[in-house]
Amino acid sequence: MSIFDDLAHQYIDGEWLAGTGSWDIIDVNPYNGEKLAAITVATVEQVDRAYRAAERAQADWAATSPYLRREVLERALRLTEEREKEIVEAMIDELGGTRPKAEFEIHLTKEFLREAVQLCVRPEGRILPSTVAGKENRVQRLPVGVVAVISPFNFPLLVTMKSVAPALALGNAVVIKPNQNAPVVGGGVIAKIFEDAGLPAGLLNVLVTDIAEIGDALLTHPVPKVISFAGSDRVGRHVGSVAARHFKRTVLELSGNSALVVLDDADLDYAVDAAVFSRFVYQGQVCMAANRILVDRSVAAEFTEKFTARVRSLRTGDPREADTHIGPLINSFQADALTALVDRAVESGAKALVRGSTRGNLVEPTVLADLPEDSPLLGQEIFGPVALLVEFDGEEDAVRLANATPYGLSGAVHTRDVERGVRFAERIETGMIHVNDSTIGDEPLAAFGGEKASGLGRLNGLATVEAFTTQKWISVQHGRSQFPF
């Protein structure tokens, strides 16, 4: 039996179940079209069952010693380490990413699990002074209750785990809805790890389903108090608006249109390395990817020559082969849409310095230049291996162009003067930006999230504690208050 046979199910209240819907989600290898699994969708009734199971289990879990919760998280980490090779193989098959991408994802997942282990004992209450004589103000930090986690296909293990593990560590229960393109890596694998780690039944549930079956039931159900969503800004706007109407908190990690900026004093060879990685890792299907590469006009010719040469050397093909840099896009819809996007841009006057072909879900890299400043392509997220080169004249122009987007997730700036880079970074309207590095980065202690249409809220470190806990003020009057009547 393969991992897909074992884990391609619903997981509700400690049981592996079939969905009770009338149709199946087909899990497909995006490279070769092989059917990995067929999963009958969960229904509204099963959504309710999962949330009610989580609600029942959460009260006892919150009352459990944080040191006992920590033991469960420690076992989950050990199991992830023991099953690493099997999980990597599943990632390659289900996601179409290369082996280095899969290994990078599971490495970061283990780092976030290590941090979650520490979160079990991190929350602290406070005693605050009072303006009233004889009064003691206690502020407790408590779990929110039940957290819904709706995760994407591109880094499903990492992105899901970085909400699930800390939410559990802090005393919450969780219901996961993985992306339909990653139901096993983003759902079943995580459920199995925690089941085998001894997590009590009901605390973690996985629902493989679709809005066509359940509508907004995941969002409107009365049980979940926080919804952690990662995905497109289009869907994120809907999630945020529905959640707000039902007085639920959200953490929204949404689309990006990051700029990697090359200033006139940059190390161009290093900047090329960073730009190629930032744009083409996992076929460009990364929210933090460098959609736009902005280069000072004084060094643009040299940078462009080196960058395009590197891009031409990238090999597109089977993600299992060691010399493959770019595997397939996640499905044919994305491949066709991206190809059409490039065709329209070229028809509108963009110059294709590198023009890749499309073969099924395999889309070779493309580099476009000379786009007009009002080109819609410059303002949107491109989820695929297409790089946009834009020249600028000096720092002020670079800042203006970098900020000329509705998004503000990540970014990078390259310069030999680090403090110049920091001053530049401070002016860019993003939640994250990196000096002399890639646009892609995620660390357990550094606040992760975006500005503008790239999301709301933050995760990682203390931000995660804020996201998945609430504060309660309890005052104690040791003397006697004086009342006016």
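Just so you know, residue 1 is the first one in the sequence shown, and it goes up from there.
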Subject >> Asn460 side chain vs Glu443 backbone, donor-acceptor pair below 3.5 Å >> reply: yes
Original post:
Is there a donor-acceptor pair under 3.5 Å between the side chain of Glu381 and the backbone N or O of Gly256?
Top reply: yes
Original post:
Counting N and O atoms only, with roles assigned by atom type, does the side chain of His434 sit under 3.5 Å from a partner on the main chain of Ala412, one being a donor and the other an acceptor?
Top reply: no
**OP:** State plainly whether the residues Arg355 and Asp343 are in salt-bridge range, i.e. N to O under 4.0 Å.
**Re:** yes
**OP:** Fit a plane to each ring of His221 and Tyr51, take the angle between them on a 0 to 90° scale, and name the class: parallel (under 30°), tilted (30 to 60°) or perpendicular (over 60°).
**Re:** tilted
Original post:
Are the side chain of Thr308 and the backbone N or O of Glu305 linked by a donor-acceptor pair below 3.5 Å?
Top reply: yes
Subject >> Check: Asn331 side chain, Gln334 main-chain N or O, donor-acceptor pair, under 3.5 Å >> reply: yes
**OP:** Check the pair Ser228 / Ser163 against side chain to side chain donor-acceptor pair (under 3.5 Å), numbers first and verdict last.
**Re:** CA-CA 7 Å; Ser228 179; Ser163 284; 2.8 Å; yes
**OP:** Using the six-membered ring of Phe155, assess whether NZ or CZ of Lys162 lies under 6.0 Å from its centre and within 45 degrees of the ring axis.
**Re:** no
Original post:
Is a side-chain donor or acceptor of Arg245 paired with a backbone partner of Gly240 at a separation under 3.5 angstrom?
Top reply: no
Original post:
Counting only N and O atoms by type, is there a donor-acceptor contact under 3.5 Å from the side chain of Gln283 to the main-chain atoms of Pro328?
Top reply: yes
Subject >> Steps toward side chain to side chain donor-acceptor pair (under 3.5 Å) verdict (Ser298, Asp296) >> reply: CA-CA 5 Å; Ser298 65; Asp296 191 279; 2.7 Å; yes
Subject >> salt bridge (charged side-chain N to carboxylate O under 4.0 Å, His left out) partner of Glu466, chosen from Arg249, Arg458, Arg141 >> reply: Arg141
**OP:** Please report the shortest heavy-atom distance between His414 and Ala266, naming the atom on each side.
**Re:** O-CB, 3.4 Å
Subject >> Main-chain N/O of Arg427 paired to Asn403 side chain as donor or acceptor, under 3.5 Å >> reply: yes
Original post:
For Gln118, does its backbone N or O pair with a side-chain atom of Arg70 as donor and acceptor, under 3.5 Å?
Top reply: no
